Amino acid sequence: MLVLITYDVNTEDVAGRKRLRKIAKECVNYGQRVQCSVFECLLSPAQCKMLQAKLRQLMDPEKDSLRFYYLGSRYESKIEHFGCKAAYLPEEPMIL
């Protein structure tokens with residue numbers, strides 16, 4: 001299933017900036033960054049729960065926000081892209 005993960009981390013202090021980097025690093029391991037704090041991740045239900053648990057451990061619930069949007073398996077018809085960044089298909093291989 002395709003999951004859209006968004007986060008807002010309070011970066012007013014050093015600890016917040018550190019949390020922001022750790023959360024972004026963890027999301028990169030599971031998906032593609034499509035905006036500064038937005039990732040599209042193609043995950044199994046088990047991977048999704050595991051990633052959610054990891055991110056919840058990293059965030060500060062008093063200062064930060066984390067959202068998961070579940071787009072499901074038929075996500076192609078639910079996404080429209082406009083603008084300069086090239087779109088990608090999560091199920092196709094990525095060449096680095």
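Since we're looking at a predicted model, the values are computed, not measured. Counting begins at 1 with the first residue of the sequence.
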Measuring from atom CD1 of Ile5 to atom OG of Ser37, what distance do you get when rounded to the nearest 0.5 angstrom? 12.0 Å
Could you see if Val38 belongs to whatever hydrophobic cluster contains Val28? Use Ile, Leu, Val, Met, Phe, Trp, Tyr and a side-chain cutoff under 4.5 Å. no
Treating Ile, Leu, Val, Met, Phe, Trp and Tyr as nodes and any side-chain heavy-atom pair under 4.5 angstrom as an edge, say whether Leu43 and Leu66 lie in one connected cluster. yes
Any donor-acceptor pair under 3.5 Å linking the side chain of Arg33 with the backbone of Cys36? yes
Could you check if a side-chain atom of Asn29 sits within less than 4.5 angstrom of a side-chain atom of Glu26, using non-hydrogen atoms only? yes
What pair of heavy atoms forms the shortest contact from Leu55 to Phe68, and how long is it? CD1-CZ, 3.9 Å
Using every non-hydrogen atom in the two residues, find where Cys41 and Cys27 come nearest and quote the distance to one decimal. SG-O, 4.4 Å
Please report the interatomic distance CZ(Arg19) to CG(Leu58), rounded to the nearest 0.5 Å. 10.0 Å
Can Glu40 and Leu4 be said to form a side-chain contact (heavy atoms from CB on, under 4.5 Å), step by step? CA-CA 5 Å; Glu40 289 180 355; Leu4 187 71; 3.7 Å; yes
Would Val9 and Met59 satisfy side-chain contact (heavy atoms from CB on, under 4.5 Å), going step by step from the backbone distance to the final call? CA-CA 8 Å; Val9 176; Met59 72 178 285; over 6 Å; no
For Gln57 and Lys54, indicate whether the former's side chain and the latter's backbone hold a donor-acceptor pair under 3.5 Å. no
Under the side-chain contact (heavy atoms from CB on, under 4.5 Å) test, which residues partner Met1, sequence neighbours left out? Val3, Pro45, Cys48, Tyr70
Tell me which pairs pass side chain to side chain donor-acceptor pair (under 3.5 Å) where either residue lies in residues 1-18, with sequence neighbours left out. none
Leu42, Phe39: one ILVMFWY side-chain cluster at the under-4.5 Å cut-off? no
